Structures are given as structure tokens and as C-alpha cells.
Amino acid sequence: VNNFDLLHTLEVELVDKTCTLCGDYPADIAFLIDSSGSESGAQFDNERNFVSMVTNEFAINPNDTMVAVSQFATTSRTDILFNQYPDKDSLLNAIARIQWMNGESNTHTGLNELAHHVFQVKSHNIHHGHHGHQAVTYGPRSESAKIAIVLTDGRSLEPDQTIRAAHQLHNMGVEVFVIGMGHSVDFRELQQIATDRDHVYRISSTNDLAAIHTNIVDAICKLKVPPPTTTPMPTTTTTLPTTTVKQACGQKPADIVFLLDASESEQAEGFGKEIQFVYNFARKFHIGPQNVQFSSVTFSSNVRNDFFLNTYSNRHDVLNAIQKISYMQGGTNTSFGLKFVRDNSFKPQNGARTNATKIVIVITDGQSADSAATKHEAQLLHHQGVLVYAVGVGSDVDSSELKAISSNGTPILVTDFSLLHDIQASLETAACHGGT
């Protein structure tokens with residue numbers, strides 16, 4: 001891989017820029033759902049869907065985020081333990097199968113379930129059909145952020161026991177968020193359950209859970225950034241330095257357009273890795289009309305607009321849209337893509353904001369069909385004040401063409417699509433701080 005560090009060392013800042021990034025520090029997130037009789041089946045469905053929406057925002061694997069789900073009514077029950085479902089698809093399917101318990105609001109039993117069961121490393125006997133029972137160890141990881149998200153729609157029947165159970169979680173180092181749903185909750189009790197006042201959310205009904213799920217995701221993201229270390233910085237710039245993900249930068253929003261090569265030379269496998277890179281990049285940002293907006297344009301022989309900056313207004317919808325971008329095949333008409341972005345992507349009616357920094361990230365694996373036209377279109381885009389990053393993949397790229405596309409004349413080069421992840425952190429940092 002060549003020139004990773006170039007994006008990391010860009011010196012010119014984008015003055016009008018804001019972004020919130022989600023860290024890669026491992027997190028163990030436990031949801032505690034109110035399954036009492038004061039809830040209806042439809043309300044419980046809203047809670048369960050909320051759990052799925054938040055879960056879907058994170059990378060689910062043993063090195064990143066793990067999720068557990070418990071619920072309480074008269075008694076408590078854990079439906080999903082940490083690491084029981086180590087991939088996102090199986091985890092989301094398990095969440096969808098969780099059933100409403102019904103009963104009284106014994107909130108303390110749920111909090112005790114988290115403290116004594118979920119956030120403890122224990123061996124469990126799991127039934128495996130004809131193979132009988134197998135002992136499996138589930139529980140939180142030693143080096144992870146411990147997070148509990150408690151949902152409740154009423155007062156607990158045993159407030160003293162509830163507060164004691166919550167304090168036990170606090171003393172274990174668990175960050176406790178609480179969401180009070182409806183008008184029957186006791187705000188003082190919510191404050192006692194939560195780690196602090198900033199960890200308390202109140203909504204009028206479970207119907208509002210979807211609207212606040214990005215607030216919860218952003219709060220979790222802040223906990224996924226590890227504390228600063230005293231490790232000395234590298235003394236050379238020949239390799240990519242480790243990047244600590246920043247939580248915020250600048251003061252204004254950014255409009256970021258991905259221009260993706262989907263030509264025949266990439267093949268479906270390479271394009272799939274390109275999409276995964278875009279997905280991992282976008283999921284690190286706080287997405288919305290007041291923060292970072294994303295658009296995607298795909299090109300081969302022709303140009304396809306995948307979605308404009310204002311098509312989706314939250315991270316959940318943007319990430320889903322990215323996953324649905326399909327491979328095109330065909331030629332490499334890079335100039336067509338650049339012209340489309342210039343003529344369409346940064347129009348106000350398509351979501352571009354006058355106070356936002358405008359950024360285009362071009363990813364291509366080959367020479368364009370018309371190099372002169374590509375360089376001309378890139379210059380026109382630069383003259384509009386758009387900051388363009390050019391990422392070249394493989395040995396067939398035209399370095400002079402990529403230099404002309406890039407605003408600072410220095411493209412980012414990787415030898416293979418599988419290595420795109422190596423430049424992700426530097427590109428995120430550059431998107432926050434800008435360059436020429």
C-alpha cells in the first residue's frame with residue numbers, strides 16, 4: 001500500500017466543517033426491555049424494533065460490538081447473551097423472535113438480571129438437538145465499554161430495590177442509559193437508574209423510539225472512543241500512523257459524495273469490497289441535516305445516481321441504502337461521473353447546503369475512457385469549491401489522471417480492494433480536517 005499517510009498529514013483545515021465519528025473501541029451493549037402489562041403488544045413491538053435499529057448501526061463481531069437483550073415484568077428473563085449470536089444477521093433474527101412477557105413492573109428484577117447474569121462471564125448449558133447439551137461461556141469482554149440501555153413506561157413497584165440494583169450496575173462500571181416512555185414514569189427514579197442526568201431520555205410514547213434511536217447511537221459512539229494513550233507518535237511518515245478516532249471537529253456540516261467505479265475491470269468481488277469500505281466509512285459519522293450528509297453516484301459506461309444528499313436523513317437509512325448499491329459492469333467513463341456530480345449532486349434541491357463543506361471521494365481501479373475529459377471535469381469541480389479525494393486501486397490506474405482529479409494533486413493509492421480498509425481512518429480524519 002502506498003501513500004496512506006498523505007491524507008493523515010493534510011495541513012489545510014476546512015473551516016466550515018462538523019462531523020461526529022464513532023470509535024472502534026469494543027462495546028458490550030445490553031438492552032433491558034419493559035415487558036410489563038402496562039405495555040401493549042404493539043408497544044412491545046416498538047421497543048423490540050428500537051433494539052434492532054440501534055443494533056443495526058454497529059459492526060457486530062467479537063472485535064467490535066456485542067449485544068445482549070433482557071426484559072422484565074413480574075420476573076426477568078435474558079433472551080440474548082453476549083456473544084451468543086456473533087454476527088449481525090443471526091443477532092437481528094434472534095431479536096425479532098423475542099416475545100412479550102406481560103406482568104407487573106418489577107424493574108429491579110431486570111436490573112439485577114443485568115448485574116448478576118448478563119454482565120457476568122458464566123458457563124451455560126445450551127441444548128443442541130440430537131447432540132444433547134453443550135457448555136458454552138457467554139459474557140462481557142474484559143477490555144470493552146460496558147453499556148446498559150433501560151426502557152420503561154412506568155414506575156417500579158419496588159423503588160428502593162430498583163435504585164440499589166441500579167447503583168450496583170454503576171459500581172460495576174456499566175454506563176446506564178434510561179428511556180422513560182409515556183407520562184407514568186417517575187423522573188426522579190429515572191435519574192437514579194441512569195449514570196447521570198445526561199443519560200436520561202424522555203419520550204411521550206414508544207412510537208417516538210425510532211426518532212431518538214440516532215441520539216442513543218451517538219451517545220454509544222462517544223463511549224466507543226478509547227481514552228487517550230501516552231504512546232509516542234511515530235518519528236517517520238513511511239507508514240500509516242495509528243489514528244485515534246475523533247468525536248467532533250469543526251463547527252459546520254459536510255456534504256460528502258462518493259463517486260464509485262463499477263466497471264467490468266472491478267468484477268463483482270472488488271465492487272463488493274468497495275461498498276463495504278463506503279459502509280464502514282459512513283457508519284462512523286453523525287448523519288443528518290445538521291451534521292454530515294452522504295450521497296452515492298456509481299459509474300461505468302453510464303452514470304447512476306444511487307441517492308442524493310437529502311434522500312436519507314439518518315444513519316440507519318443511509319447505511320441500508322449503501323448496502324443495496326448494485327454492481328453495474330461496463331466501461332470506465334469517469335468523466336461522466338464527475339460531470340454528473342458537478343451538475344446534480346451539489347444542487348440545493350438535492351440537499352446541498354450553502355454552509356457545508358463539499359467533498360467528493362472518487363474510487364476507481366483503472367484509467368478512464370477519456371483522460372482529457374476526466375481531467376477537464378475534475379478542474380470544473382475544483383473551481384466550484386469542491387474538495388476532491390482520488391483513491392486509486394490496483395496497478396492499472398493512471399497516476400497523472402488521479403493527480404488531476406485530486407484537489408491537492410496527491411492521490412491515495414492501494415494495491416488491492418481488500419486493502420481499502422487500511423486507508424479508512426486517514427480518510428475519515430481528512431474528511432474532518434480537509435485538505436487542498
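Please read these numbers as outputs of a predicted model, since none were measured by experiment.
Considering only heavy atoms from C-beta on, Leu81 comes within 4.5 Å of His117 through its side chain. Side-chain contact between Gln168 and His116 is present, with heavy atoms from C-beta onward closer than 4.5 Å. At least one side-chain heavy atom of Leu32 sits less than 4.5 Å from a side-chain heavy atom of Phe72. You'll find the side chain of Val217 reaches within 4.5 Å of the side chain of Phe58, heavy atoms only. Between Val121 and Thr137 there is a side-chain heavy-atom pair separated by less than 4.5 Å. In this structure, the side chains of Val54 and Ile220 come closer than 4.5 Å at one or more pairs of heavy atoms. Looking at Leu190 and Thr152, their side chains come closer than 4.5 Å, going by heavy atoms from C-beta outward. Looking at heavy atoms from C-beta onward, Lys122 lies out of side-chain contact with Tyr138 at the 4.5 angstrom threshold.
Within 6.0 Å of CZ in Phe336 there are 12 or fewer heavy atoms belonging to other residues, nucleotides or ligands. The neighbour count for Gln349 CD, taken as heavy atoms of other residues, nucleotides or ligands under 6.0 Å away, is above 12.
Heavy atoms only, all atoms of each residue included: Phe307 and Ser295 are closest at O-OG, 2.6 Å. In terms of heavy atoms, Asn305 sits closest to Ser296 at OD1-O, 3.7 Å.
Between the Asn350 side chain and the Ser345 main chain, no donor and acceptor come within less than 3.5 Å of each other. The main-chain N or O of His108 is found under 3.5 Å from a side-chain atom of Asn112 such that the two form a donor-acceptor pair. A donor-acceptor pair under 3.5 Å is formed between the side chain of Arg353 and the backbone N or O of Pro289. A donor-acceptor contact shorter than 3.5 Å links the side chain of Ser35 to the backbone of Met101. No side-chain donor-acceptor contact under 3.5 Å links Asp208 to the backbone of Ala211. A donor-acceptor contact shorter than 3.5 Å links the side chain of Asn344 to the backbone of Phe340. Formation of a donor-acceptor pair under 3.5 Å by the Thr162 side chain with backbone atoms of Thr107 is not found in this model. Not a single donor-acceptor pair under 3.5 Å links the side chain of Gln276 to the backbone N or O of Lys273. With Asn106 contributing its side chain and Thr109 its backbone, the two residues share no donor-acceptor pair below 3.5 Å. Under the 3.5 Å distance criterion, the side-chain polar atoms of Arg342 are left unmatched by any main-chain donor or acceptor of His382.
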Give the C-alpha distance, both sets of side-chain angles, the deciding distance and a yes or no for side chain to side chain donor-acceptor pair (under 3.5 Å) between Gln71 and Asp79. CA-CA 8 Å; Gln71 52 182 318; Asp79 296 280; 2.8 Å; yes
### Task
List the steps and the verdict of side chain to side chain contact (heavy atoms under 4.5 Å, CB included) for Leu259 and Ile363.
CA-CA 6 Å; Leu259 182 56; Ile363 304 178; over 6 Å; no
- Task: Go through the steps for Met172 and Lys146 under the test side chain to side chain contact (heavy atoms under 4.5 Å, CB included), then give the verdict.
- Result: CA-CA 9 Å; Met172 292 169 61; Lys146 312 292 191 295; over 6 Å; no
Audit row: Val391, Val362, side chain to side chain contact (heavy atoms under 4.5 Å, CB included) steps and yes/no: CA-CA 6 Å; Val391 180; Val362 182; over 6 Å; no
*asked:* Before you tell me yes or no, could you show the steps for Asn314 and Thr214 under side chain to side chain donor-acceptor pair (under 3.5 Å), namely the whole-Å CA-CA distance, both residues' side-chain angles and the distance that decides it to 0.1 Å?
replied: CA-CA 7 Å; Asn314 61 69; Thr214 54; over 6 Å; no
Evaluate the criterion side chain to side chain contact (heavy atoms under 4.5 Å, CB included) for residue pair Val303 and Val297; output intermediate values, then yes/no.
CA-CA 7 Å; Val303 179; Val297 176; 3.6 Å; yes
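Under 4.0 Å is where a charged nitrogen must lie from a carboxylate oxygen, and between Glu189 and Arg155 no such pair does.
In this model, a donor atom of one side chain and an acceptor atom of the other lie less than 3.5 Å apart for Asp87 and Ser90. Under 3.5 Å, the side chains of Ser300 and Ser263 contain no donor-acceptor pair of N or O atoms.
Rounding to the nearest 0.5 Å places NE2 of His170 at 9.0 Å from CD of Glu175. Considering CD1 of Ile33 and OG of Ser76, their distance stands at 13.0 Å, rounded to 0.5 Å. Distance CG/Leu309 to CD/Gln293: 5.5 Å, rounded to 0.5 Å. Expressed to the nearest 0.5 Å, how far CD1 of Ile29 lies from CD1 of Ile147 amounts to 5.0 Å. Here CG of Leu381 is found 10.0 Å from CD1 of Ile405. Values are rounded to the nearest 0.5 Å. The structure places OG1 of Thr78 at 9.5 Å from CD of Gln84, a figure rounded to the nearest 0.5 Å.
Scored by the side-chain contact (heavy atoms from CB on, under 4.5 Å) test, Thr55 finds Phe31, Val51, Ile60, Val67, Leu91, Leu92, Ile95 as partners (sequence neighbours excluded). With sequence neighbours excluded, no residue satisfies side chain to side chain donor-acceptor pair (under 3.5 Å) with Asn61. Partners of Arg141 under the salt bridge (Lys or Arg N to Asp or Glu O under 4.0 Å) rule, at least two apart in sequence or in another chain, are Asp28.
Checked against Asp198 for a side-chain contact (heavy atoms from CB on, under 4.5 Å), the options Thr195, Val200, Asp196 give a single hit: Asp196.
Between His199 and Phe177, the distance separating the two ring centers is shorter than 6.0 angstrom. Aromatic pair Phe294/Tyr312: ring centres not closer than 6.0 Å.
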